[in-house]
Number of protein chains: 2
Amino acid sequence: MKDIAKIAGVSINTVSRALNDKPEINEKTRRRIKRIARELNYTPNSIAASLASRKTKTIGLIIPDICDPFFAQQARGVEDTAKEEGYSVILLNTDEISEAELKAVATLRSIRVAGLMLTSVFPGTDHIENLNKQKVPLVLLNRRCQEIDTNYVINDNQKGAYKATKHLIKLGHKKIGVILGPQRITSVLDRYVGYKKAMAEAGIELSEKYIVYGENLKPSTGEILAEQLLRNNPRPTAILAYCDSLAIGAYAAARNMGLSIPEELALVGYDDIPYAQYFEIPLTTVAQPAYNMGKAACKIILEKIKLGGDEKDLESQHIVFEPELVIRKSCGAQVQIESSWSDY
Amino acid sequence: MKDIAKIAGVSINTVSRALNDKPEINEKTRRRIKRIARELNYTPNSIAASLASRKTKTIGLIIPDICDPFFAQQARGVEDTAKEEGYSVILLNTDEISEAELKAVATLRSIRVAGLMLTSVFPGTDHIENLNKQKVPLVLLNRRCQEIDTNYVINDNQKGAYKATKHLIKLGHKKIGVILGPQRITSVLDRYVGYKKAMAEAGIELSEKYIVYGENLKPSTGEILAEQLLRNNPRPTAILAYCDSLAIGAYAAARNMGLSIPEELALVGYDDIPYAQYFEIPLTTVAQPAYNMGKAACKIILEKIKLGGDEKDLESQHIVFEPELVIRKSCGAQVQIESSWSDY
DNA sequence: AACGCTAACGTGAGCGCTAACGGTAACGCT
DNA sequence: AGCGTTACCGTTAGCGCTCACGTTAGCGTT
């Protein structure tokens, strides 16, 4: 930039104005400067720009595991919307480990991200309050926060689980096991509540033995938990999994134990990952619009960034998507054939 | 940091030394300064640090689409290794669009990433040469580069495709169609060569009609291309897909056309995404160690960063992983039952 | 006692940019 | 003619750190 200024015979500031398309500059000089910049193969140093302007063009995204297609789709939604406005996204996986989340938030704070989307697994709120204090826009993805008011984007977890459970009940099941995730996660609680509500409405008593919690959302965990459920006597005739990833583990467990799905075990998942329809026994599941949820979260962030911590911007945004039960074979209901593949 | 210095009664520099664990400082003052920093809830500004030191702690990862589980696993491998050394990764999706790749490289250059991993879809080399000129460590992921010598991490694409094709031939197939990706991608070429080699060895003549190229690697593209292949007369009895994502589309195409797999159509994919084994007709495919490939790529980057553009470090690294044919039902061969789920 | 040496800290300059302000010429207006 | 006004550009002062020095006190050494 200094070199450009020297060659163009103008001040550094003018070069900055030209390259950043500021208004107070002659159109000819702008073009000339841009040409020189191109000839010099100049790459703007956004680090320096960030330091000087105290603004960055990066936002952070903290999720449990990008390998889970549900989060991958959300990440894609985030990245696409961020890119539209010239923002880059830094991705951090936590594996549902609380300490990893704290560390992730710390590094992103130090990188001075302009905003932050968080699928939180941490029970505390200190890190969230810190962000608020520093006026870093935050939206919780897939999570609510009971203690403090924050932006969030979720699907109606309670309703989704309610729908799924009710569906199983309608199919005649009474002994319905449920595989949940870490208990500290709000959406786990919400889906549990939905399950409980449906059971209560049907007058079915809950059994502690039919409710298991996992430390993460990986299929291997689902497999262990499903086996645990299926060793009960009497054995549950249906399983509701917190998410499709865990449901995949349940498939494996059933296979291990020689149980056929759906005849001997009905299975319902949550998320509707794109592969669920292609399984040997296509998975009945509760669909969430993952991509659009990511988009929505990012849009909120972008909006808040533009407002720039404006005092008038007091209210936080809450977007709740509608969950939709997708009935396939794994639950044992009648099904119609699915249409073509629709990309992630 | 200034505030800390004032409170501690030392210079800013001493604070910097304390916080960054530099050696030339008294252990007591260090602890005292760290305590004060904690009390003030101080967050280091890595932007300023980067500008002053001309080093950043972020690396870039450019891939076609994070929603493809294969790339998701690679991304995970990258992120995990980066995190170990305190680096963050910026993720950019290109959707196999060349312009998107150029733009991605440009933004990452301007962010001054310390290193860059690239699953390139761009035929040119200008952007790569620019990175070399600026001494930004680069490793190509899943791609080679014919023109210039660069680091790369791939699997032996030619051999993998050769194995898969040979397997189909051994099963009695002669009319083997192949669904490829964008022609400009090196791995597409390599897999095509492997296919061609196996066909030649078996004395089977190639037919242009049985070779189709897609503009991207999405299932919907695979569906269209598979239908195109299957409308041929005589119809191919087997299809080799460039990747599992495209193979998924082939499943849909077969369903649409009322063809049963593997009886009327044998299908083989590439990548071995974790869901392939759970499909209605489990997918025979060529496995790549995606996670470890990501790890390997990131390790090279980290190494190169440490060397810091050392003149002696002339040679680039080439890591080639061994592809492994995983035989399941979709090809029509005899199969054994798969074991438990192993996480992504 | 005079010397060097080292541990521990301070000083100053600067990384590459932005933002606020200041200056100047050219123009129009009364 | 004198005034304000606008368009354009330069100047200055940082942003919050790091790095290469310079400095000082305290120590051992001969």
Side-chain angles (χ1 to χ4, degrees), chain A residues 1-34 36-37 40-58 86 106-107 109-114 134-136 305 308, chain B residues 1-34 36-37 40-58 86 106-114 134-136 305 308-309:
Chain A
M1 190 146 150
K2 223 189 328 183
D3 303 337
I4 301 176
K6 210 169 285 174
I7 294 178
V10 294
S11 78
I12 292 178
N13 198 330
T14 306
V15 177
S16 170
R17 275 193 276 252
L19 262 25
N20 291 312
D21 292 318
K22 292 270 168 68
E24 324 93 337
I25 192 172
N26 189 298
E27 200 39 54
K28 275 179 209 160
T29 22
R30 156 168 304 144
R31 272 202 291 271
R32 192 162 55 90
I33 289 172
K34 284 203 173 182
I36 295 172
L40 291 182
N41 200 356
Y42 166 77
T43 320
N45 187 326
S46 55
I47 303 264
S50 292
L51 182 60
S53 66
R54 266 164 293 181
K55 280 178 209 153
T56 57
K57 281 290 206 175
T58 54
T107 62
R109 277 213 300 163
S110 116
I111 292 179
R112 299 288 191 269
V113 287
Q134 292 186 190
K135 304 238 179 215
V136 181
I305 292 173
Chain B
M1 191 147 149
K2 225 191 323 184
D3 304 337
I4 300 176
K6 212 169 284 176
I7 293 178
V10 294
S11 78
I12 291 179
N13 196 334
T14 307
V15 177
S16 170
R17 274 193 277 251
L19 263 24
N20 292 314
D21 293 316
K22 292 271 168 67
E24 324 93 337
I25 192 171
N26 189 298
E27 200 40 55
K28 275 178 210 161
T29 23
R30 157 169 304 143
R31 271 200 293 270
R32 193 163 53 90
I33 288 172
K34 283 203 174 182
I36 295 173
L40 291 182
N41 199 356
Y42 167 77
T43 320
N45 187 326
S46 56
I47 302 262
S50 291
L51 182 60
S53 66
R54 264 162 295 183
K55 281 177 208 154
T56 57
K57 282 289 205 174
T58 53
T107 63
L108 290 180
R109 277 213 301 163
S110 118
I111 292 179
R112 297 291 191 267
V113 287
Q134 291 186 190
K135 302 239 180 217
V136 181
I305 292 174

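We name chains A, B, ... by the order of the sequence lines, and we start the count at 1 in each one.
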Task: side-chain hydrogen bond (donor to acceptor under 3.5 Å, both in side chains) involving B:Lys34 - partner list, sequence neighbours excluded - done: B:Asp21

TODO: Sort and list the pairs that fulfil side chain to side chain donor-acceptor pair (under 3.5 Å) and have at least one residue in residues 42-53 of chain B, not counting sequence neighbours.
DONE: A:Arg109-B:Thr43, A:Ser110-B:Ser46, A:Gln134-B:Thr43

TODO: Provide the start and end nucleotides, 5' to 3', of the part of DNA chain D that has atoms under 4.0 Å from heavy atoms of chain A.
DONE: D:dC8 to D:dG16

TODO: With sequence neighbours excluded, tell me which residues meet side-chain hydrogen bond (donor to acceptor under 3.5 Å, both in side chains) with A:Thr14.
DONE: A:Ser11

Task: All side chain to side chain contact (heavy atoms under 4.5 Å, CB included) counterparts of A:Asn20, not counting sequence neighbours - done: A:Ser16, A:Lys22

Task: Residue list, side chain to side chain contact (heavy atoms under 4.5 Å, CB included) with B:Ile12, at least two apart or on another chain - done: B:Met1, B:Lys2, B:Ala5

Task: Interface with DNA chain D, restricted to residues 22-33 of chain B and to heavy atoms under 4.0 Å - done: B:Lys22

Open item on the list: Below 4.0 Å from chain A heavy atoms, what is the first contacting nucleotide of DNA chain C and what is the last?
Closed with: C:dG16 to C:dA20

Task: Pairwise distance NZ(A:Lys57) to CD1(A:Ile305) - rounded to 0.5 angstrom - done: 8.0 Å

Task: Reported OG1-to-CG distance for the pair A:Thr56 and A:Leu51, which is rounded to 0.5 angstrom - done: 11.5 Å

TODO: Return the set of residues passing side chain to side chain contact (heavy atoms under 4.5 Å, CB included) with A:Arg32 (not counting sequence neighbours), or none when no residue passes.
DONE: A:Ala8, A:Val10, A:Thr29, A:Arg35, A:Ile36

TODO: Sequence neighbours left out, what passes salt bridge (Lys or Arg N to Asp or Glu O under 4.0 Å) with B:Arg31? Give chain and number order.
DONE: B:Glu27

Task: From B:Asn13 atom CG to B:Glu24 atom CD, the distance as rounded to the nearest 0.5 Å - done: 8.5 Å

- [ ] Could you tell me which non-hydrogen atom of B:Arg17 sits nearest to which non-hydrogen atom of B:Arg30, and how far apart they are?
- [x] O-NH2, 3.9 Å

Task: For A:Val113 against A:Val136, the heavy-atom pair lying closest together - done: O-CG1, 3.9 Å

TODO: Within residues 8-18 of chain A, find the residues that approach DNA chain D with a heavy atom at under 4.0 Å, and present them sorted by residue number.
DONE: A:Gly9, A:Val10, A:Ser11, A:Asn13, A:Thr14, A:Arg17

Task: 4.5 Å side-chain heavy-atom contact, B:Ile4 and B:Ile33 - done: yes

TODO: Enter the inter-axis angle for the ends of the helix from C:dA1-D:dT30 to C:dT30-D:dA1 (five pairs per end, rounded to 10°).
DONE: 40°

TODO: Check whether any side-chain heavy atom of B:Leu40 lies under 4.5 Å from a side-chain heavy atom of B:Ile7, and answer yes or no.
DONE: yes

